[in-house]
Amino acid sequence: MNHPEKQALLNNRKSISFSTFFFFRVAPPRIVLYKVPVKEILGYFAFVLHGHLPFVLHHGTWPHGSDWLCEAALHCYLPLIQALERICQRGDPLGLTLQLSPVLCEQLAHADFRAEFRKYLDRRLLSARETRAYLLRSERDEEARVAAFWEVFYQKVDETWRENEGNILRAFGRFVEEHGMEIITSGATHGYLPLLSRDESIDLQVGQAVWSHRAHFGFRPRGIWLPECGYRKGIEAILERHGLEFFFADSHMVMGGPPTPHYGPFFPQLSRLAERAPAIPAQRPASPYRPYLVAAGERKKGLAVLSRDPHSTLQVWSRDVGYPGEEWYLEFHKKHFPGGLQLWRISPDKGDLGKKEVYIPERARERAQEHARHFVGVVADALRHYRDGFGESGILCALYDAELFGHWWFEGPYWLEEVFRLLPERGIQAVGCGRFLEEHPPRETIGLAEGSWGEGGDHRTWLNQDTEWTWQKIHPAEESFWSWVKRSSGRNSSELQRVLSQTARELLLMQASDWQFLITAMVSRDYGEKRFLEHYEDFQSLGRFLERLLEGGTLSEQDWAFVEQKEKQDFLFPEIQLPINL
């Protein structure tokens, strides 16, 4: 992880670069391909986890703010690291492709997050101890045993945190260097690329993502998880220009047909959007179990696209028919007061929090083992069907939000660990997506349909009557920003470049798809609206400063104090990378 490029990229904290950087390639670490110890490979399996949270550090604490980030680290990222360590110790193939969004990486790497998490974890440890003592005094022994379980859980997380010196990114990077796991990137701030009005804005989201990935991990990403798997024609050319080799699409965009529900099982308000969702007509026979090439134009190599498997998706995503709704698993919504410990299981009556029964960790692990075996059977059946029909071994890509594992579904990391253990028994080889494409490059070119993995399979989750006002602000802001960039070209003013850099950060943050999602899903709608408007207003204020500087004026001490405040609060991306051909 001590790549000589890394520190050099981080040294200049407030500079802006007008030079293109994507022609300089830094090779990723050697990727290990473990062989399944069976005579015949039925097929290949790619676990693809999408790690992303919006920019919440320095924007409040609870219920939305740094506590949101700390909770994800406590219940998802660190338990996932523990599960991956056990997989490696066992010697099982670590065929995992992990996407860590740049905006998440920037937060996890910041000193303020580490300080906040230390306090957060200490509070959780104290809460577990105090709750256990209270329950014992109250002769609620069954619940006290669950509190004791939480105390041990937090202690183990604390050990993992200390062993890695609070550096979650370095912990994940170690699995790349030593065990062949792949880490890929996403849009810089998870902007919904198909609806951005300027290609330059898409280029900024992608180029900044590549820069950030290289800065944090010491190598360039080979693949990208397009935010929300959102695609429109032309995006592939921008991806290829930045040296990316593959991305993912929902199966209906490749094969045609109706979309597979994604967020709806966890956010019921979104189900209204899926009504009357049109099916995409199939242009030609295609399969979700083989890679395809999406051409980026004449004289271009093109990018590989891999499909999300529709059959295994609902097994993990759905709380109604999938594993997370199992009655023996931990209930997410009911918490003990004071302290906030989850002491109950989902129970047969899922809808009544008052009827929840006490959680039994041992029984939950047994069910996770059973569900892992069932899932591997689903994967094997799909791969066998493909092999029988096409005469070759296919690849099944299982795409999920990383935060599902441990946060929404507490037993998820253990289930994932069991899946990796069971795959070789069925002749299935776990593999990273980049490595698979090296040995099995796509042979066919397809025209990919426009769409996303959102409700309805199109753009409606992010563009609808509740969110169209945000795009009415984003699009003019894009026009203004790129006009300022063009007028700034060739000027050597450090003051101008400093303000332009922070204006770019506010534009990137304004574009984050998270704000529209929170508004549409009607969860924390006020927070989504508030955060969008904050970045929009900061963008407007900085824009007025830019106009003054471009016209030869100066800024007051108060103006510079505002710029400095924004630089500290919205600290993302110390070096802003702008496209050169404007």
Side-chain angles (χ1 to χ4, degrees), residues 6-19 21 53-61 65-66 69 101-116 169 187-191 201 204-205 207-209 211-212 214-216 477-478 480-482 484-485 487-488 491-512 514-515 530-550 553-578:
K6 185 174 180 181
Q7 190 58 46
L9 286 167
L10 294 173
N11 284 339
N12 187 358
R13 297 294 298 179
K14 294 294 181 286
S15 65
I16 186 165
S17 172
F18 287 87
S19 62
F21 65 95
L53 282 183
F55 186 63
V56 293
L57 194 61
H58 297 169
H59 286 273
T61 304
S66 59
L69 182 63
S101 71
V103 66
L104 174 62
C105 291
E106 294 283 305
Q107 294 177 91
L108 293 179
H110 201 278
D112 289 351
F113 160 71
R114 299 184 189 185
E116 285 291 321
L169 299 184
T189 57
H190 214 258
S201 297
L204 178 58
Q205 283 277 348
Q208 198 63 55
W211 183 94
S212 179
R214 193 174 68 185
H216 287 297
E478 289 182 75
S480 296
F481 179 76
W482 295 113
W484 293 326
V485 170
R487 291 164 61 190
S488 302
R491 301 199 185 192
N492 295 321
S493 168
S494 60
E495 293 182 344
L496 179 62
Q497 303 308 322
R498 179 182 176 186
V499 177
L500 188 60
S501 292
Q502 193 58 40
T503 308
R505 295 184 187 98
E506 300 304 332
L507 177 66
L508 287 167
L509 287 167
M510 190 199 319
Q511 292 171 343
D514 308 278
W515 317 137
K530 174 177 175 289
R531 287 297 308 279
F532 175 86
L533 288 171
E534 283 178 355
H535 295 299
Y536 174 74
E537 290 167 1
D538 291 342
F539 174 88
Q540 293 292 94
S541 296
L542 292 164
R544 288 190 288 270
F545 296 169
L546 281 175
E547 285 287 353
R548 197 183 312 161
L549 292 171
L550 287 167
T554 60
L555 302 186
S556 67
E557 290 185 7
Q558 184 177 0
D559 295 336
W560 284 117
F562 176 82
V563 174
E564 183 177 1
Q565 176 195 356
K566 293 293 105 180
E567 289 173 335
K568 291 179 179 179
Q569 183 181 33
D570 300 334
F571 56 84
L572 300 174
F573 315 127
E575 183 176 326
I576 298 293
Q577 302 290 333
L578 297 179

Any side-chain donor paired with an acceptor under 3.5 Å for E567 and Q565? no
Which heavy atom of D570 sits nearest to which heavy atom of R505, and what is that distance? O-CD, 3.5 Å
Compare all side-chain heavy atoms of F562 with those of S541 and state whether any distance is below 4.5 angstrom. yes
With E534, which residues qualify under salt bridge (Lys or Arg N to Asp or Glu O under 4.0 Å), at least two apart? K530, R531
Of all the heavy-atom pairs spanning F539 and A477, show the shortest one and how long it is. CZ-O, 3.3 Å
Is E495 close to W560 at the side-chain level, that is, under 4.5 Å between some pair of heavy atoms? yes
Shortest non-hydrogen contact between L57 and S66, atoms and distance: CD1-CB, 4.1 Å
Does some side-chain heavy atom of S201 sit less than 4.5 Å from a side-chain heavy atom of F481? no
Are the side chains of I576 and Q208 in touch, meaning some heavy atoms are under 4.5 Å apart? yes
Worked check of side-chain contact (heavy atoms from CB on, under 4.5 Å) between L572 and L508: CA-CA 10 Å; L572 300 174; L508 287 167; over 6 Å; no
Got a donor-acceptor contact below 3.5 angstrom from the D559 side chain to the S556 backbone? yes
Do H58 and D112 pair up side chain to side chain, a donor and an acceptor below 3.5 Å, judged on atom types alone? yes
Taking atom CG of L496 and atom CZ of R548, what is their separation to the nearest 0.5 Å? 13.0 Å
Pair Q497, S488: side-chain N/O donor-acceptor within cut-off below 3.5 Å: no
Is there a donor-acceptor contact under 3.5 Å linking the side chains of E106 and H216? yes
Using 30° and 60° as the class boundaries, would you call the ring planes of F571 and H110 parallel, tilted or perpendicular? tilted
Can you give me the closest heavy-atom contact between P102 and A188, atom names plus distance? CB-O, 3.4 Å
Quick check against the 3.5 Å criterion: does Q107 have a side-chain atom that pairs as donor or acceptor with the backbone of P54? yes
Might you point out which heavy atoms bring V563 and L542 nearest each other, and give the distance in Å? CG2-CD2, 4.0 Å
Who are the ring pair (Phe, Tyr, Trp, His ring centres under 6.0 Å) partners of F532, not counting sequence neighbours? W469
Treating Q569 as the side-chain partner and H59 as the backbone partner, does any N or O pair qualify as donor plus acceptor under 3.5 Å? no
Spell out, as yes or no, whether a donor-acceptor pair under 3.5 Å connects the side chain of T503 to the backbone of G543. no
From L507 CG over to W484 CH2, what is the distance, rounded to the nearest 0.5 angstrom? 9.0 Å
Report the C-alpha distance between T189 and Q511 in whole Å, list the side-chain angles of each, state the deciding distance to 0.1 Å, and finish with yes or no for side chain to side chain donor-acceptor pair (under 3.5 Å). CA-CA 7 Å; T189 57; Q511 292 171 343; 5.0 Å; no
Can you measure from CG (L509) to CZ (F573) and round to the nearest 0.5 angstrom? 7.5 Å
For residues G187 and Q205, report the shortest heavy-atom separation together with the two atoms involved. C-OE1, 3.5 Å
Which residues pass the side-chain hydrogen bond (donor to acceptor under 3.5 Å, both in side chains) test with R487, sequence neighbours left out? E547
Scan T554, V499, L500 and name whichever one has a side chain to side chain contact (heavy atoms under 4.5 Å, CB included) with L549. V499
